[in-house]
Protein chains: 2
Amino acid sequence: MTTAQEQGLPYDVFSRACPSRGTLEHVTGRWGALTLGALHEGSFRFNELRRRVDGVSEKMLSQTLQALERDGLVHREAQPTNPPRVDYELTPLGREVAERLLALIHCVERRMDDVLSARRGYDEARAARTPLTG
Amino acid sequence: MTTAQEQGLPYDVFSRACPSRGTLEHVTGRWGALTLGALHEGSFRFNELRRRVDGVSEKMLSQTLQALERDGLVHREAQPTNPPRVDYELTPLGREVAERLLALIHCVERRMDDVLSARRGYDEARAARTPLTG
DNA sequence: CAGCATCCTACCGGATACTG
DNA sequence: CAGTATCCGGTAGGATGCTG
């Protein structure tokens with residue numbers, strides 16, 4: 001119904017070879033998703049972002065930003081001052097993607113209690129099936 | 001503006017310790033996203049899903065489905081027949097999540113040409129800066 | 001401050017073989 | 001058919017040290 005091919009679109013993420021898979025992974029990856037989410041709030045410097053995205057290492061933030069910049073989702077603005085100052089912000093394309101992403105993130109956050117109770121149910125049912133030291 | 005804390009929500013994916021991070025990773029992970037996307041089209045048997053999600057291994061599909069079932073996003077219906085028949089489908093919660101996810105996937109698919117041209121631009125600019133053999 | 005280079009480990013994930 | 005169990009390589013990703 002909403003499939004890419006059915007709409008005649010040239011890119012279909014369900015195909016192994018489609019380049020959209022790579023970009024989707026940059027966008028939804030562990031740090032990509034949080035970085036885009038953070039940047040939706042505005043422009044940030046490198047270390048500001050690092051503090052905002054709790055737990056990300058310097059290396060991974062750097063890699064993530066490069067991938068997102070390469071995909072045209074993030075704009076990097078470096079000022080040749082001393083000390084250096086670099087600001088990151090979303091491009092129009094990045095904003096478009098980030099909005100969909102945030103809708104997803106907020107949906108998960110909102111329904112988190114249901115998820116946690118589902119987990120308890122699942123684990124209890126399993127524990128019942130495997131009495132001891134499963 | 002759209003931050004979890006600013007809305008007074010109890011779960012904030014930007015915090016390292018928040019359980020919503022784990023669920024978000026199940027949902028947006030390499031195979032989780034494609035599996036949810038596929039299941040949005042209807043109910044599927046295990047091997048139907050495997051064919052639909054091009055490239056997924058038996059092992060990863062199995063793991064992915066278990067994680068999604070545990071999080072209450074997927075319902076597993078096993079019939080004790082021989083040969084066995086197991087059907088997977090989204091729960092109402094899963095449908096809610098999958099719709100947001102598909103909006104994101106389709107957005108990426110739609111704008112894929114812009115992504116690819118951004119990549120070419122990025123790579124050319126880099127190549128110009130590093131004349132030969134980096 | 002804003003990174004890059006290096007090292008090292010955990011685990012993601014594919015291939016294969018086996019079970020009910 | 002619908003999985004589980006095992007082995008194994010590649011890489012994601014953390015820690016550390018250095019640069020401009």
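Just so it is clear: chains get the letters A, B, ... in the order the sequence lines come, proteins before strands, and each one is counted from 1.
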How would you label the contact of B:Gln66 with the nucleic acid (heavy atoms, under 4.0 Å): base, sugar-phosphate, or nothing?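 Sugar-phosphate only.
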Hey, does A:Gln63 reach any base, or is it just sugar-phosphate, or nothing, if we go heavy atoms under 4.0 Å?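 Here A:Gln63 touches no strand at all.
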Which atom names give the shortest non-hydrogen contact between [X] and [Y], and what distance separates them?
{"X": "A:Val108", "Y": "B:Ser20", "value": "CG1-O, 4.2 Å"}
{"X": "A:Phe44", "Y": "A:Ala38", "value": "CE1-O, 3.2 Å"}
{"X": "B:Val56", "Y": "B:Met60", "value": "CG2-CB, 4.1 Å"}
{"X": "B:Asp54", "Y": "A:Phe14", "value": "CB-O, 3.0 Å"}

5'-most by nearest nucleotide on DNA chain D - B:Ser62 or B:Arg51: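 Nearer the 5' end of the strand: B:Arg51.
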Assuming nearest nucleotide by heavy-atom distance, tell me which of A:Trp31 and B:Asp87 is located more 5' along DNA chain D.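 On the 5' side of the pair lies B:Asp87.
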Within this structure, what is the [atom1]-to-[atom2] distance between [X] and [N], rounded to whole angstrom?
{"X": "B:Arg30", "N": "C:dC11", "atom1": "CZ", "atom2": "P", "value": "18 Å"}
{"X": "B:Arg50", "N": "C:dG13", "atom1": "CZ", "atom2": "C1'", "value": "13 Å"}
{"X": "A:His26", "N": "D:dG13", "atom1": "NE2", "atom2": "P", "value": "11 Å"}
{"X": "B:Glu58", "N": "D:dT4", "atom1": "CD", "atom2": "C1'", "value": "9 Å"}
{"X": "B:Glu25", "N": "C:dG13", "atom1": "CD", "atom2": "P", "value": "11 Å"}
{"X": "A:Leu49", "N": "C:dG3", "atom1": "CG", "atom2": "P", "value": "10 Å"}
{"X": "A:Leu34", "N": "D:dG13", "atom1": "CG", "atom2": "P", "value": "11 Å"}
{"X": "B:Glu48", "N": "D:dC1", "atom1": "CD", "atom2": "P", "value": "10 Å"}

From the options [options], select the nucleotide whose nearest atom is closest to the side chain of [X].
{"X": "A:Pro83", "options": "D:dC1, C:dG13, C:dC1", "result": "C:dC1"}
{"X": "A:Asn47", "options": "C:dC1, D:dG14, C:dG3", "result": "C:dC1"}
{"X": "B:Met60", "options": "D:dG13, C:dG13, C:dA2", "result": "C:dG13"}

Is the backbone N or O of B:Val13 less than 3.5 Å from a side-chain atom of A:Glu109, with the two atoms forming a donor-acceptor pair by type?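 Pair found, side chain donor or acceptor close to backbone of B:Val13.
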Is any side-chain nitrogen or oxygen of [X] closer than 4.0 Å to OP1 or OP2 of [N]?
{"X": "B:Arg76", "N": "D:dG3", "result": "yes"}
{"X": "A:Tyr88", "N": "C:dG3", "result": "yes"}
{"X": "A:Arg45", "N": "C:dA2", "result": "yes"}

For A:Lys59 and for A:Pro84, locate the closest nucleotide of DNA chain C by heavy-atom distance; then report the residue assigned to the nucleotide nearer the 5' terminus.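 Mapping each residue to its closest nucleotide by heavy atoms, the 5'-most match is A:Pro84.
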